[in-house]
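Read the structure below first, then the notes.
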Amino acid sequence: MTALDELCRRLRDRLDDSSVITDEARRRTYECDGLAAYAVVPGLVVLTGNAHEVQLVLRLCHELGVPFVARGSGTGLSGGALPHSEGVLVVLSQMREILDVDPLAQRAVVQPGVLNLDVTAAAAPHGYYYAPDPSSQQICSIGGNVAENSGGAHCLKYGFTTNHVLSVDLVAPDGSHVRLGTTAPDAPGYDLLGTVVGSEGTLGVVTEATVKLTRAPEAVKTVLAGFESTDDAGTATSSIIGAGIVPAAIEMMDALAIHAAEEAVHCNYPPGAGAVLVIELDGPEAEVDAQLDEVKVHCEKAGSFEVRLAADDTERALIWRGRKSAFAAVGRISPDYIVQDGVIPRTALAAVLHRMGELADEAGVRVANVFHAGDGNLHPLVLFDGEQEGEAEAAEELSGKILALCLEHGGSITGEHGVGADKAKHMIEMFTADDLDTMQLVRCAFDPRHLSNPGKVFPTPRLCGERPGRHQGTHPLQEAGLAEVF
Ligand SMILES: Cc1cc2nc3c(=O)[nH]c(=O)nc-3n(C[C@H](O)[C@H](O)[C@H](O)COP(=O)(O)OP(=O)(O)OC[C@H]3O[C@@H](n4cnc5c(N)ncnc54)[C@H](O)[C@@H]3O)c2cc1C
């Protein structure tokens with residue numbers, strides 16, 4: 001009997017039968033997240049209903065040496081929730097209770113499977129909302145947001161998930177239950193909450209989160225600006241923020257993305273635009289009005305041929321519909337595409353977009369750009385047809401070159417989608433061996449046996465217990481061909 005069989009037997013004694021899924025066809029439904037290029041059928045799936053059940057699963061995993069992977073809604077785009085074939089997939093989507101909404105304290109306490117937009121729905125009657133707004137907010141979970149440190153259009157002004165999480169309850173890989181962070185203004189000791197946010201499920205399973213609620217703004221104004229090129233739109237973005245204005249959001253779409261969105265949702269963007277910016281300003285009415293005038297001037301100076309202010313909520317919703325539908329809409333113009341996610345300093349936008357266009361032309365591959373321009377978070381969609389020989393490889397190669405371009409300009413290999421399984425190989429391009437060793441030491445403090453989401457984030461299966469810093473001699477894993485020195 002394998003360790004997994006034994007774990008399954010023990011779980012069946014303790015949990016409802018319907019929570020422990022062994023049937024192959026049902027396990028297969030969890031084989032991938034939003035990045036379907038990677039698929040692994042999990043060894044076992046457990047639908048946990050509360051923190052005690054999560055604790056039970058992780059204790060048994062610890063005792064029997066079985067790896068586990070947490071899964072929220074499975075919308076991740078880096079293969080972070082990719083299951084382990086010999087491990088347990090801990091599915092948290094049934095833990096969907098909003099435990100408390102406290103407008104006076106401006107916070108909410110939620111279970112990890114609660115959907116992002118449901119927090120806002122619960123806070124709205126009190127005049128509040130939950131600010132981090134990934135485009136997937138209707139379907140992604142708070143646990144997944146915490147694990148990925150998710151961003152969104154409005155994170156430019158309000159900050160990423162990490163700025164909105166006050167504390168989490170975490171079941172550590174040995175099954176212990178800890179609370180990290182505090183609702184007090186500050187706390188002594190290490191910032192372990194900050195360590196867990198963005199750790200992509202490698203440090204344990206979040207079973208509860210206390211999040212900040214943000215007061216709904218008095219006024220919101222949305223502008224759609226049409227430009228001839230992404231160079232001009234990039235220049236406008238830099239100059240608006242350089243002038244000290246921090247809009248709630250500045251989103252950019254290029255001609256191909258506009259075309260796809262137009263076909264899909266008829267968003268009525270300026271005809272003939274080579275790029276559009278969706279710029280949203282929010283805050284006190286007088287401040288928004290003053291900023292609006294300035295934004296118009298910056299857009300026009302950068303060459304905008306049309307600056308259109310949404311006249312009412314319907315027009316505003318249509319502008320956003322174009323932007324928010326863009327990922328799906330691109331599926332109408334290409335059978336397959338890679339969603340790349342990289343970051344560059346905002347000031348490099350024009351240069352990087354220009355060079356990306358050249359690289360795409362050289363490779364003969366189409367790229368549609370739709371992204372959070374304000375914080376330099378690019379999402380080039382690299383289009384291909386998997387049925388045509390060589391197209392997938394060409395798209396993959398271009399996608400890698402785009403990441404290298406981001407790094408050349410002082411950026412990062414991921415802005416918000418995380419490293420997961422997909423980008424672990426790129427970590428060595430961004431970090432030194434010493435950087436990665438230090439991260440491994442932190443990981444090992446939580447998870448010395450590498451049971452929590454193994455194989456993700458880090459490029460090689462380095463063992464805990466290794467000395468950090470320069471390594472001397474050959475590690476047994478290297479000798480076995482399982483690890484390499486980076
Ligand atoms: C159309 C579309 C648009 C998107 N737009 C954005 C965007 O604008 N911004 C953005 O940041 N992302 C975006 N994403 C990516 C994705 O939605 C986010 O990464 C989201 O946070 C994932 O949440 P999830 O619940 O689906 O997590 P999953 O995909 O289930 O898991 C993601 C990672 O979190 C870990 N995890 C999940 N729950 C827990 C938990 N309770 N404890 C510990 N670890 C956990 C998993 O192990 C995995 O590593 C988009 C995805 C899609 C499909």
Side-chain angles (χ1 to χ4, degrees), residues 30 32-36 38 42 48 51 54 58 67-84 87-96 110-118 132-156 160-162 165 168-173 180 196-209 249 251 323-331 337 339 341 343 370-372 375 377 379 381 414-424 446-447 452-457:
Y30 295 95
C32 66
D33 60 9
L35 185 60
Y38 298 86
T48 47
V54 174
L58 267 56
F68 62 87
V69 177
R71 177 181 167 114
S73 302
T75 68
L77 290 172
S78 56
L82 185 72
H84 194 291
V88 182
L89 189 71
V90 184
V91 178
L92 299 141
S93 54
Q94 295 193 332
M95 293 173 65
R96 269 202 195 183
V110 303
Q111 289 189 323
V114 167
L115 301 184
N116 174 301
L117 205 53
D118 286 353
D133 60 339
S135 305
S136 52
Q137 66 184 152
Q138 290 176 333
I139 44 171
C140 64
S141 74
I142 292 294
N145 292 177
V146 170
E148 296 287 2
N149 186 22
S150 293
H154 293 81
C155 292
L156 170 61
F160 278 50
T161 300
T162 191
V165 179
V168 296
D169 283 12
L170 180 88
V171 177
L180 306 175
V196 164
V197 178
S199 61
E200 303 193 27
T202 59
L203 304 181
V205 178
V206 171
T207 55
E208 190 177 297
E251 299 286 296
R323 163 61 184 92
K324 295 213 169 179
S325 71
F327 275 22
V330 165
Y337 60 89
V339 181
D341 166 48
V343 182
V370 42
F371 60 98
H372 312 307
D375 42 24
N377 186 182
H379 289 320
L381 309 178
T414 170
E416 54 185 18
H417 296 168
V419 178
D422 191 39
K423 289 191 170 165
F446 282 79
D447 182 20
S452 192
N453 213 4
K456 311 290 169 58
V457 182

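Remember, it's 1-based here, ligands and their atoms both numbered in the order they're listed. Just so it is clear, the model here is predicted, and its values are computed rather than measured. Because only heavy atoms are used, hydrogens play no part in the values below, and waters and symmetry mates are left out as well, while side chains stay in. Position 1 is the first residue of the sequence, and the numbers go up from there.
A distance-only check finds no donor-acceptor pair linking the side chain of Asn453 to the backbone of Val69 [under 3.5 Å]. Panel note: side chain Gln111, backbone Glu208; no donor-acceptor pair is recorded below 3.5 Å.
If you take CG on Leu35 and OG on Ser78, they are separated by 7.5 Å, rounding to the nearest 0.5 Å.
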Go through Glu416 and Phe160 one step at a time and tell me if the side chain to side chain contact (heavy atoms under 4.5 Å, CB included) criterion holds. CA-CA 9 Å; Glu416 54 185 18; Phe160 278 50; 4.1 Å; yes
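For the residue pair Glu251 and His154, no side-chain donor N or O sits within less than 3.5 Å of a side-chain acceptor on the partner.
When heavy-atom distances to ligand 1 are checked against 4.0 Å, the residues falling inside are Ala70, Arg71, Gly72, Ser73, Gly74, Thr75, Gly76, Leu77, Gly80, Ala81, Leu92, Pro112, Pro134, Ser135, Ser136, Cys140, Ser141, Gly143, Gly144, Asn145, Ala147, Glu148, Ser150, Gly151, Glu200, Gly201, Gly204, Val205, Val206, His372, Glu416, His417, Asn453, ordered by chain and number.
In this structure the side chain of Leu92 never reaches within 4.5 angstrom of the side chain of Gln94, judged on heavy atoms.
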